[in-house]
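Here is the structure we will look at.
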Amino acid sequence: MKLINVYIEHLTLQLNQLFTYACDEPVQKGCRVKVDFAHRECIGFVQETDVKSDLKNIKPVLEVIDKEPLLNEELLDLAQYISKRYVCSVISAYKTMLPPALRPSSTYKKIIYEDHVYLSSSTLPLTSKQANVYEEIKDKLPMKASEFRKLTKSLAKPLIEKGYVKLRKLPKSNDVLPSYIEDSIHELTLEQKNAIEEIENSNDSCFLLHGVTGSGKTEVFLHLAQTVLKQNKQVLFLVPEIGLTPMMIERVMARFQRKVAIYHSQLNDQEKYEQYCLVKDKKVDIVIGTRSAAFMPFDDLGLILMDEEHDTSYKQDSMPRYHTRDIALWRAKYHGCKVVLSSATPSLESYSRAYKNVYHLVSLTKRIYDQMPEIHLVDMKEERNQFGLSQRLIDAIQKTLDKNDQVILLLNRRGYLPVVRCSNCNEVMMCPDCGIALTYHKSNDSLMCHCCGNVYRFDHTCPKCHSHHFFQVGMGTERLEENIQMLFPNANIVRMDADSTKRKNAHAKLLKEFEQSGDILLGTQMVAKGLDFERVTLVGILQADNALIHSDYRSCEIAYQMLEQASGRSGRGVKKGDVYIQTYDPGHYVMQSVLKHDYLGFFRKEMSYRHLGVYPPYVFLCCIIYSHESLEKAMDVALLGKQFLSQFKVLGPLEINMRQRQKRVRLIVKSKDETQLNQTIWKLVEYHRSLKTNVKQDINMYPLILEE
Ligand code: ADP
Ligand code: ZN
Ligand code: ZN
């Protein structure tokens with residue numbers, strides 16, 4: 001009998017404690033075993049083998065689940081790093097790294113690739129028969145190759161061979177085909193060329209590619225990837241949100257014409273498993289995905305590209321609360337490869353690191369067609385508000401539609417009415433679990449809590465005074481859509497928000513619909529990010545101040561990023577673009593920086609405020625939340641925590657919104673010394689355990705957003 005040490009799943013209190021079991025089969029580190037723990041059958045993760053122990057009564061392993069380790073050496077090490085840095089269990093890191101279903105079940109859906117035929121151009125002569133068929137079929141492309149062959153019969157082959165059509169492999173599905181799969185290889189601009197050379201010829205490992213919106217950063221990515229793929233190494237493309245994957249997938253597939261692995265949260269468990277195996281079995285060398293894609297089992301990674309590096313969705317907001325950038329940097333170091341972070345609006349953390357030469361700064365200062373969109377700040381104090389829009393914006397939309405150009409409207413609030421208030425007694429409909437106002441959604445005539453996601457039936461009766469009348473104040477995307485349709489009855493409107501994109505592939509479908517026949521795309525911050533449509537020449541931003549009124553230390557940074565990114569969707573092609581920003585505070589430095597596309601000006605100003613307020617990047621933060629049914633109890637334990645952390649500056653305890661009927665109290669810890677902070681928080685975990693309290697302590701290291 002050999003002895004092994006395992007971590008036990010579900011064991012959250014004893015952070016990273018190892019337990020010894022006996023095993024008569026050979027078993028490796030990184031395999032799962034079934035064990036008896038406190039008279040319960042549990043899953044254990046083998047961490048050490050050939051262990052020596054003087055313990056008596058060591059229990060045997062019940063079953064060895066895996067023959068092969070689920071995670072390779074690198075990922076096992078990475079889990080240790082995550083645990084240490086984010087003060088969480090190694091098991092929680094393992095869980096995040098692995099596709100949820102490592103048990104292939106019968107609903108297993110294989111991703112099969114099939115050929116599709118796309119239009120191409122050629123100057124080779126055609127016979128008259130071939131030319132006739134070509135003319136006939138031209139407008140119907142793209143289509144599946146099988147269909148194409150049926151329609152063209154013996155002429156399929158010559159048309160392909162002479163280059164009039166091209167074959168592309170795409171995942172077999174009933175879904176929409178990517179629309180502009182035709183690759184456009186451009187001659188690089190001088191700035192792009194220099195950027196690529198600078199990155200490729202440097203010995204540095206981490207680069208910040210700061211390029212204004214539409215400066216061709218993606219093109220730089222594709223060139224860098226090309227070089228690495230030629231060396232038979234793997235490339236990872238990270239995007240912050242699912243909504244941005246369809247475009248990236250199209251551009252990457254069009255360029256490299258090969259299978260890629262795709263990884264994001266809308267895949268079901270089986271599809272995730274399938275994609276995971278594609279990488280593990282070395283069937284692909286390109287991975288595109290959101291933050292969880294950073295954990296793919298690469299074995300020879302040559303380059304990590306992180307698009308829109310400032311985006312807060314790169315930080316996971318549940319255990320383990322890692323930041324994808326840290327994972328990327330760690331893995332790049334392990335593989336000895338480069339990381340390129342890119343953004344038009346870098347996070348203050350990254351830009352200040354670039355400033356200090358920790359990251360190598362590479363800049364693209366000009367748009368491809370060299371004209372930045374013109375910003376118009378619309379002062380809503382001086383405008384009549386019609387259906388949420390100013391006359392200036394209405395006129396601009398009309399003008400754009402008349403030219404047959406496209407419009408994007410951003411309103412960062414979904415639903416119909418953000419607050420439902422009784423017009424008789426003023427009662428506001430609230431979420432009983434969170435204590436915040438509910439949003440009315442007209443599509444399903446219900447009230448929804450945007451904090452916990454609970455949905456409540458709404459019988460249009462005030463629970464307090466039984467009145468049936470409610471104020472119609474405020475506006476979400478649902479109501480905006482209605483208003484816009486009223487103002488522009490002939491316009492084809494596409495709405496994109498969390499409600500309209502719930503279903504799988506909804507993003508890709510909506511974007512395709514907008515590209516082909518849409519006039520106006522309206523939605524939440526989803527429409528602000530990454531989209532590249534050359535016919536969009538007008539962007540309108542409604543209620544731009546919403547983002548500024550939050551009290552979070554990062555509110556202004558996030559507001560600036562959203563406004564500048566949204567503006568960046570306008571006029572990306574040859575045509576010049578305009579942007580209308582509706583605000584009550586046009587003099588605010590965020591608005592003024594966007595007006596002049598002045599990132600550096602914004603950076604300097606914001607840094608001076610962070611310095612004054614003692615916030616990142618000047619200090620490291622840790623946010624600790626204590627939760628319990630009883631506010632007093634939570635408060636008491638929080639005060640003990642504060643005492644324990646007395647060497648640091650600690651804000652709080654402050655009561656914040658409850659969650660699932662639990663009262664919550666928050667501490668914010670600030671420290672200039674990252675190591676000291678980390679070590680002390682680990683000690684706090686031990687201390688909290690020693691209190692044997694049922695108040696829950698939840699730790700968020702280096703939070704980007706402090707909960708309100
Ligand atoms: P960014 O990622 O910086 O916002 P993109 O890479 O999306 O910019 O480029 C913006 C647009 O310009 C895209 O449609 C892209 O195809 C096009 N483009 C990129 N590089 C060039 C180039 N060298 N010449 C012409 N067009 C280009
Ligand atoms: Zn009432
Ligand atoms: Zn709620």
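Both counts, for ligands and for their atoms, begin at 1 and track the order of listing. Numbers here simply count residues along the sequence, with the first being 1.
- At a heavy-atom cutoff of 4.0 Å, ligand 1 is contacted by the backbone of L188 but not by its side chain.
- Between H441 and H450, the gap from one ring centroid to the other is short of 6.0 Å.
- Distances shorter than 4.0 angstrom do not occur between any heavy atom of E534 and any atom of ligand 1.
- Comment: E308 does not engage K217 in a salt bridge, judged by the lack of any side-chain N to carboxylate O separation of less than 4.0 angstrom.
- Between K193, H186, E219, it is H186 that holds the heavy atom closest to atom 24 (N) of ligand 1.
- The number of heavy atoms from other shown groups lying within 6.0 Å of NZ (K315) is above 12.
- The proximity of M248 to ligand 1, defined as any non-hydrogen pair under 4.0 Å, does not occur for either the backbone or the side chain.
- The backbone of E187, and not its side chain, has at least one atom closer than 4.0 Å to an atom of ligand 1 (non-hydrogen atoms only; backbone = N, CA, C, O).
- For C465, the nearest N, O or S atom to the Zn ion (ligand 2) falls under 2.8 Å.
- Around atom CD of E534, no more than 12 heavy atoms belonging to other residues, nucleotides or ligands sit under 6.0 Å away.
- Of the candidates G216, S215, S343, the one placing a heavy atom closest to atom 9 (O) of ligand 1 is G216.
- Nearby protein atoms of type N, O or S around the Zn ion (ligand 3) amount to 4 (distance under 2.8 Å).
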